[in-house]
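Heads up: the structure comes next, in structure tokens.
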Amino acid sequence: MILGIDVGNTNTELAVLEGDKILHSWRFVTKTPRTSDEYGVLIKSFFENSGILSEEIASVIMASVVPNIMYSLNNGIKKFIGLVPMVVGPGIKTGMPIHTSDPAEVGADRVVDAVAAYNIYGGPVIVIDFGTATTFDYITSDGAFAAAVTTPGIQISIDALWKNAAMLPNIEIKKPASILAKDTVTSMQAGLVYGYIGQVEYIIKQIKKETGTPDMKVVATGGYGRLFHQETDAIDVYDPQLSLKGLKIIYDKNCKG
């Protein structure tokens with residue numbers, strides 16, 4: 001069994017993987033400051049609650065977009081699990097060439113999602129991650145990371161609206177029954193959710209148009225991916241565990257040559 005860890009800006013997801021199966025998965029808030037001991041105890045508690053022994057974990061692989069927690073997280077894993085994590089980054093085999101102007105700018109999270117989407121669903125493919133930011137990545141038919149679009153996530157959009165407009169409340173992310181809203185809360189929900197659906201559909205349409213691939217598959221992941229997958233036909237697949245699957249694929253590529 002291996003432990004896969006995906007460190008995002010908002011949440012960190014962990015999973016115990018064996019073969020092609022995800023046996024157990026957990027989440028914790030990334031931004032909470034923790035020492036290496038706290039990380040180690042937290043991960044050990046997840047194991048204990050699921051009946052897993054640390055000795056059963058053969059390796060650890062991580063992808064992170066939050067550099068300032070990596071020292072403590074790495075040390076917590078070393079101290080409490082006794083393993084040195086493999087970290088997705090320079091020198092790690094992914095099997096995916098990156099054809100952007102500066103490949104070093106492409107975050108590990110995007111690479112991991114792209115590797116999973118291409119290996120599982122084929123290419124060409126658009127990979128959308130509805131996270132703190134919403135990212136759209138275009139992977140070619142031969143498995144190259146070719147282009148990227150980045151937009152503010154819907155939670156960022158809501159936060160910006162209520163924090164900068166004194167009379168507007170903080171609201172739940174929910175699609176109202178009609179765009180013809182009759183009160184402040186539903187008018188905000190209508191503007192944000194219907195507007196975001198329109199943005200997603202237009203970006204997908206434009207990527208397909210500029211690449212000349214109208215039938216390209218679209219795979220979504222991330223916390224709000226389920227909501228938007230349900231609300232638009234432009235997304236073909238919602239895979240909430242895409243990043244964890246990508247970590248396992250990359251781990252296998254590095255261990256099996």
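Along the sequence shown, the residues carry numbers beginning at 1.
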Open item on the list: Looking at every non-hydrogen atom in both residues, tell me the closest pair between Met96 and Gly143 and how far apart they are.
Closed with: CG-O, 3.3 Å

Open item on the list: So which atom in Ala234 and which in Glu201 form the shortest heavy-atom distance, rounded to 0.1 Å?
Closed with: CB-CG, 4.1 Å

Open item on the list: Just verifying a value: how many Å separate Ile126 CD1 and Asp137 CG, rounded to the nearest 0.5 Å?
Closed with: 10.0 Å

- [ ] State, yes or no, whether a side-chain contact exists between Leu3 and Phe47 at a heavy-atom distance under 4.5 Å.
- [x] yes

Open item on the list: Could you report the tightest heavy-atom contact between Glu13 and Ser243, atom names first, then the distance?
Closed with: OE1-OG, 4.5 Å

Open item on the list: Counting C-beta onward and ignoring hydrogens, is there a side-chain heavy-atom pair between Glu56 and Leu53 closer than 4.5 Å?
Closed with: yes

Open item on the list: Membership question, hydrophobic clusters at under 4.5 Å side-chain separation (ILVMFWY): are Leu244 and Ile52 in the same one?
Closed with: no

Open item on the list: Strictly by salt bridge (Lys or Arg N to Asp or Glu O under 4.0 Å), give each pair with a member in residues 35-50 just once, sequence neighbours left out.
Closed with: Asp37-Lys79

TODO: Locate the shortest heavy-atom distance separating Val193 from Lys174; write the atom from each residue and the value.
DONE: CG2-O, 3.6 Å

Donor-acceptor list for residues 83-90 side chains, cut-off 3.5 Å, not counting sequence neighbours:
none

TODO: For the residue pair Lys205 and Lys208, establish whether any side-chain heavy-atom pair is separated by less than 4.5 Å.
DONE: no

- [ ] May I ask whether Tyr251 and Val111 are part of the same hydrophobic cluster, defined by side-chain heavy atoms of I, L, V, M, F, W, Y residues being less than 4.5 angstrom apart, directly or through others?
- [x] yes

Open item on the list: Under 4.5 Å between side-chain heavy atoms, counting indirect links through other Ile/Leu/Val/Met/Phe/Trp/Tyr residues: same cluster for Met216 and Val149 or not?
Closed with: yes

- [ ] Taking the side chain as every heavy atom from C-beta outward, state whether Ser59 and Ile2 have any atom pair closer than 4.5 Å.
- [x] yes

TODO: Drop me the distance from Leu168's CG to Asn164's CG, to the nearest 0.5 angstrom.
DONE: 10.0 Å

Task: Derivation of the side-chain hydrogen bond (donor to acceptor under 3.5 Å, both in side chains) call for Thr211 and Tyr138 - done: CA-CA 9 Å; Thr211 58; Tyr138 164 53; 4.7 Å; no

Task: Result of checking Val127, Asp233, Val237, Asp236 against Val218 for side chain to side chain contact (heavy atoms under 4.5 Å, CB included) - done: Asp236

- [ ] Taking all non-hydrogen atoms of both residues into account, name the closest pair between Ile249 and Ala116 and its distance.
- [x] CD1-CA, 3.9 Å

Task: Heavy-atom side-chain contact between Val7 and Ile69 under 4.5 Å - done: yes

Task: Nearest heavy atoms of Pro169 and Thr184, plus distance in Å - done: CD-CG2, 4.0 Å

- [ ] Check the hydrophobic clustering (I, L, V, M, F, W, Y; side-chain heavy atoms under 4.5 Å; chains of links allowed) and say if Val65 and Ile77 are grouped together.
- [x] yes

Indicate every side-chain donor-acceptor pair of residues 14-29 with a distance under 3.5 Å to a residue at least two apart or in another chain.
unit_1, atom_1, unit_2, atom_2, d
Trp26, NE1, Ser50, OG, 3.4

Open item on the list: Are Asp6 and Thr12 packed together at the side-chain level, in the sense that at least one heavy-atom pair is separated by less than 4.5 angstrom?
Closed with: no

- [ ] Could you tell me whether a side-chain N or O of Asn9 sits under 3.5 Å from a main-chain N or O of Thr132, the two making a donor and an acceptor?
- [x] no

TODO: Check whether the side chains of Arg110 and Thr150 place a donor and an acceptor atom closer than 3.5 Å, and report yes or no.
DONE: yes

Open item on the list: With heavy-atom distances below 4.5 Å as the criterion, would you say the side chains of Met70 and Met62 are in contact?
Closed with: yes

- [ ] Evaluate the ring planes of Phe130 and Tyr196, with Trp represented by its six-membered ring, and classify them as parallel (under 30°), tilted (30 to 60°) or perpendicular (over 60°).
- [x] tilted

Open item on the list: Would Thr35 and Ser72 count as a side-chain hydrogen bond (donor to acceptor under 3.5 Å, both in side chains) here? Give the steps.
Closed with: CA-CA 6 Å; Thr35 66; Ser72 293; over 6 Å; no

Open item on the list: Can you tell me how far apart CD1 (Ile92) and OG1 (Thr94) are? Round to the nearest 0.5 Å.
Closed with: 9.5 Å

- [ ] Flag yes if Ile250 and Ile120 sit in one hydrophobic cluster, no otherwise; membership is Ile, Leu, Val, Met, Phe, Trp, Tyr, and two members link when side-chain heavy atoms are under 4.5 Å apart.
- [x] yes

Task: Sequence neighbours excluded, every pair satisfying side-chain hydrogen bond (donor to acceptor under 3.5 Å, both in side chains) that has a member inside residues 215-229 - done: Gln155-Tyr224

TODO: Look up atom CD1 in Ile5 and atom CD1 in Ile61, then write down how far apart they are to the nearest 0.5 Å.
DONE: 10.5 Å

Open item on the list: Taking ring pair (Phe, Tyr, Trp, His ring centres under 6.0 Å) as the cut-off, I'd like each qualifying pair that reaches into residues 71-129, sequence neighbours left out, listed once.
Closed with: none

Task: Pairwise side-chain contact, Ile128 with Ile204, heavy-atom cut-off 4.5 Å (strictly under) - done: yes

Open item on the list: Determine whether a donor-acceptor pair (N or O, by modelled atom type, separation under 3.5 Å) exists between the side chain of Gln189 and the backbone of Glu172.
Closed with: yes

Open item on the list: Does Asp142, at its CG atom, have more than 12 non-hydrogen atoms belonging to other residues, nucleotides or ligands within less than 6.0 Å?
Closed with: yes

- [ ] For Leu180, enumerate each residue passing the side-chain contact (heavy atoms from CB on, under 4.5 Å) test, keeping only those at least two apart in sequence or located in another chain.
- [x] Ser178

